[in-house]
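Have a look at the structure below before the remarks.
All figures in this text were calculated on a predicted structure; none of them were measured in a lab. Reckoned from all heavy atoms, side chains included, excluding hydrogens, waters and symmetry mates.
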Amino acid sequence: MIYLNNVTKKYYGDEPSLVDVTLTISSGEFVSVIGHSGAGKTTLAKLILAEEKPTSGTVFFESLDIHQLSSRELTQFRRKVGVIFQDFRLLPNRNAYENIAFAMEAVGKDDAEIANLVPHVLALVNLSDRTFHFPHQLSGGEKQRLAIARAIITEPELIIADEPTGNLDPTNAADVINILKKINDLGTTVILTTHNPSIIESLGKRVITFDKGKVIRDEVNGKYML
Amino acid sequence: MYWINLKRIIKSGYSSFMRSGFTSLASVLVMTITLTVFTGLLYLQATLHTSLENIKDKVDVTIYFVPGTGEDNVMAVKDSLTKLPEVASITYTSQEEALANFREKHANDYLTIQALDELNENPLGSSLNVKAKDPSQYESISKYFDQNNEASKEALIIIDKIDYHQNKLVIDRLTSIIVGAQRLGFALSLMLIIVSIMITFNTIRLIIYMSRDEISVMRLVGAGNKYIRGPFMVSGALVGVFASVITILLFWPVSVWLGSQMSEFLGINLFHYYTSNIFEIFFILLFSGIIIGGISSLFAIHRYLKK
């Protein structure tokens, strides 16, 4: 599903964030990406989202070279990808319902479908009683569950979760990971970056370890080793 | 799909304008200042225009005829003047009217009236008061009689004097002041308008800069550029709508004061100007406000939608 070929990313005047990374992620996989801060985890996520361009190398999604897409094609591509961030990145001026509805509106879903589906997804992430709350009225765990709801409502083929548990306490973190596991069970590919060892231990899935921009370990049933 | 999107864009632009509370208020106030400058300039132009008209109206050329000249002869001169393209109107004052006017003017001047009474005949000649279409044309009208043509030869005998040459200096100066004031007014208006538009533009740019994270999230969620841009433009246009309403309301008391206190000085009652042109003024403000707000948002958001 995702193919990185000899990808190198250098930011202006710094040490490279990614060095000659070649990776394949298949459809339906749950892949955890671990490493110290600055190892290149977030850069990897940004490259797959086409938020950044690689200095050299290519990133393919199926048969699309995602860094050669026009603005319109890029919009189409992003509709197939759901994103979850450490800092939630919700729309501050919209309540929980509207944050999720926005993702559906952007994709062009009609009002009836939105009105039907949004309450379902809010129930799924256990936020039914927070429907009309604004992000600043929600706790960290609630915000992240809302962000997940937004990411999954359009039924994306791929979910990228960039340190989604970074700002959460262990209980809320476990909630978030459980939801991601459920989504994966339904067939969605999940890429999770984290530096939380207990999450990796509990998952028992593929783990890719980064260090100084390089892949140093890629194991099918990985452990947390740095 | 198009209408659904349009409806969603307008709705979300409206709600984000309303929910941004203080930020929206700040941009409405800045826009109000811009539109106040606009209205001030409209008032200035109106005042200037009226004073120019008043001044232009006061300039004229009077041709005095030798006393005893027959009315037929005077009318012949009047007819030939009427044919000139520069002439707007001509008023004939007969000898009797001239005398009556003189008596009225000097009614309290006992000595002068007594002297006049001692004369048996009317010492005043008839006259033609000529108004040109434009102040700069008086010179050519007065020169008409210097030219060597049939009509002027006959006319010169019966003409006592043409007061243009005495007024020439004043008329020239007024003409140049009129032209200068118009140019200065235009340059000043242009400069103020540019400055105020730039201030509004920068305010809106700052507000969109604060929303740059939001814009990047919208892009990541898969919203197209038009769909992201739309609500910001709607909010910008709403800033213009609210600011134009505030400005037009603000100018109500200002116009009342200007009308009651400054009409003598300005030569125009600005309250009358306000009430008789309220729809035109409001339309100009509304239109400028919406255009400035919408276009500013469009330009400001452009850089966040590249790539």
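- Residues from residues 86-103 of chain A that place a non-hydrogen atom less than 4.5 Å from a non-hydrogen atom of chain B comprise Arg89(A), Leu91(A), Pro92(A), Asn93(A), Arg94(A), Asn95(A), Glu98(A), Phe102(A), Ala103(A), given in numerical order.
- For Lys181(A), the NZ atom sits in a packed shell: over 12 heavy atoms of surrounding residues, nucleotides or ligands are nearer than 6.0 Å.
- Between Arg78(A) and Leu220(B), the closest side-chain pair of non-hydrogen atoms falls below 4.5 Å.
- Taking 4.5 Å as the limit, some side-chain heavy atom of Arg150(A) sits within range of a side-chain heavy atom of Val217(B).
- A distance of 7.0 Å separates NZ in Lys11(B) from CD in Glu105(A), rounded to the nearest 0.5 Å.
- In Met1(A), the CE atom is crowded: over 12 heavy atoms of neighbouring residues, nucleotides or ligands sit closer than 6.0 Å.
- In this structure, Tyr11(A) places its OH atom where more than 12 heavy-atom neighbours from other residues, nucleotides or ligands lie under 6.0 Å away.
- Taking all atoms of both residues into account, the shortest heavy-atom contact from Asn225(B) to Ser71(A) is ND2-OG, 3.4 Å.
- There is no contact between Ser15(B) and chain A, counting heavy-atom distances below 4.5 Å.
- In this structure, chain B has no heavy atom under 4.5 Å from any part of Phe77(A).
- Taking 4.5 Å as the limit, some side-chain heavy atom of Lys7(B) sits within range of a side-chain heavy atom of Asp111(A).
- Contact check for Arg8(B) versus Ile114(A): side-chain heavy atoms found under the 4.5 Å cut-off.
- No more than 12 heavy atoms of other residues, nucleotides or ligands sit less than 6.0 Å from atom CD of Glu155(A).
- Heavy atoms of other residues, nucleotides or ligands lying less than 6.0 angstrom from CZ of Arg19(B) number more than 12.
- Residue-environment remark: CD (Glu280(B)) exceeds the threshold of 12 foreign heavy atoms within 6.0 Å.
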